[in-house]
Number of protein chains: 2
Amino acid sequence: MQQGLIPNVSVDCVVFGFDFTNLNVLLIERNFSLNGIHYADLKLPGDLMRLDEDLDTAAARILKENTGLSDIYLKQFKSFGSPDRLKRKPHDLEWLRLIDHPEEHVITIAYYSLIDISEYGRSQLVISDNAQWTPVQEITDLVMDHMDILRYALEHLRVELLNKPIGFELLPEKFTLSQMQRLYEVILGTTFDKRNFRKKISSMKYLIPLDEKQVGVAHKPARLYIFSNEVYLKTKKDSFDFSV
Amino acid sequence: MQQGLIPNVSVDCVVFGFDFTNLNVLLIERNFSLNGIHYADLKLPGDLMRLDEDLDTAAARILKENTGLSDIYLKQFKSFGSPDRLKRKPHDLEWLRLIDHPEEHVITIAYYSLIDISEYGRSQLVISDNAQWTPVQEITDLVMDHMDILRYALEHLRVELLNKPIGFELLPEKFTLSQMQRLYEVILGTTFDKRNFRKKISSMKYLIPLDEKQVGVAHKPARLYIFSNEVYLKTKKDSFDFSV
């Protein structure tokens, strides 16, 4: 066991990235052999906490180690501590022993993070050799209880998207309404009629149209918009409207 | 260190109880002497996790040990893991050593719970000798980082109250609109004009008036209402109304 680590507490990150087509999740390939069997499966980026770290610091470190990025939207959403979470597949526990981690009950504090992939370029972002972006709908199996963690993260992201303007973290600074519609569609797992969607977002005073259009596209260039957090904070109301 | 405990992970519970006047929090008095100084300060109910427990199980156990109740609204809301959280006051760490707990960095997973005090009776509920209900506005100091935990719990409760019908967990099954108004006022820290409040809740189809009035009150008895979760689930909409 490495010095300075907390043996029973880890932090895992569900890193979402949007590429105008899919909602992707950053996964780490775990490659190892055990009793003559080779395993190559996928996990969320995560690590044991260090003794001198806060939870948020640990999450930011894990994000930095795996993407090279700092100052990214990062939110703690739930902790997971089922006693069997490392024992669902026998080779998960064996793998933990291989990496010198003898604890059988690790509580993990889960964060999710939102990244605009287009800003950095897909390959530029993934700095560890064994990291990869995978469209969320293609992820069917992950190590330990990481599928549960991903499901909760997605559920949390959907609720947040319906209540707060967090979707803009996944879009470039300037975006088109079609890009925004696609983002809402892939996260909510639905499709919207274009006219209905425009009507629904027409009340968002914080969506500011620019005198600027897309460049270098094959189709008719669309108008660009920005999200104004300042306008959002000024115009938002409690959804219950209980203010007197 | 007692066998079967996880030394670095605890669960703390913010137990809210409403008594028609105040929003109260269940606190545990910690009485101990150290180097000739006697300490009597207050903490949230909490304990280290056991190796065979899930997080939710640990929270339910702590609630049961301190109130005698099971099957109560209990929600994980945030984990706290600042490296200095046990070291803010020197005697906190000394106290942990007294109770045979040598770890200096404990991550705590915090839950909050909602209890209708009136149903059980104030004294009946508090089963441990050193437990007490304290009105939330009178709580100015707690051990370790428990003031932070309480503040986050209250913030979380306010947001939930504005978005979900959780307030009814704090009311008896049958309640008056004045009791409901008082509940919203004490949690949100505001006052409502009676007519405005009635107007605002008139859209809540899940508030069902009964052909029944209060009994044994000095004033004119008011009509009783129940909350129907069934009607709520049928009539609720996403606050964003993005459904197609």
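In what follows, every chain begins at residue 1, and chains take the letters A, B, ... in the order their sequences are listed.
Heavy atoms of B:Ile107 lying under 4.5 Å from chain A belong exclusively to its side chain. Only the backbone of B:Asp52 has a heavy atom closer than 4.5 Å to any heavy atom of chain A. Proximity to chain B involves both the backbone and the side chain of A:Leu51, based on heavy atoms less than 4.5 angstrom apart.
Counted within 6.0 Å of NZ on A:Lys174, heavy atoms from surrounding residues, nucleotides or ligands total 12 or fewer; the atom is thus considered open. Counting non-hydrogen atoms of other residues, nucleotides and ligands closer than 6.0 Å to CZ of B:Phe20 gives a total above 12. Enclosure of atom CD in A:Glu173 is not indicated, since only 12 or fewer non-hydrogen atoms of other residues, nucleotides or ligands lie within 6.0 angstrom. At most 12 heavy atoms of other shown residues, nucleotides or ligands fall within 6.0 angstrom of atom NZ in A:Lys199. The local environment of NZ in A:Lys194 is sparse, with at most 12 non-hydrogen atoms from other residues, nucleotides or ligands closer than 6.0 Å. For CD of A:Gln137, the number of neighbouring non-hydrogen atoms (other residues, nucleotides, ligands) closer than 6.0 Å is greater than 12.
Side-chain atoms of B:His105 and A:Met49, non-hydrogen and from C-beta on, do get closer than 4.5 Å to each other.
Proximity to chain B among residues 76-86 of chain A is limited to A:Gln76, A:Lys78, A:Ser79, A:Phe80, A:Gly81, A:Ser82, A:Pro83, judged by heavy-atom separations below 4.5 angstrom.
The distance from the CG atom of B:Leu48 to the CG atom of A:Asn8 is 10.5 Å, given to the nearest 0.5 Å.
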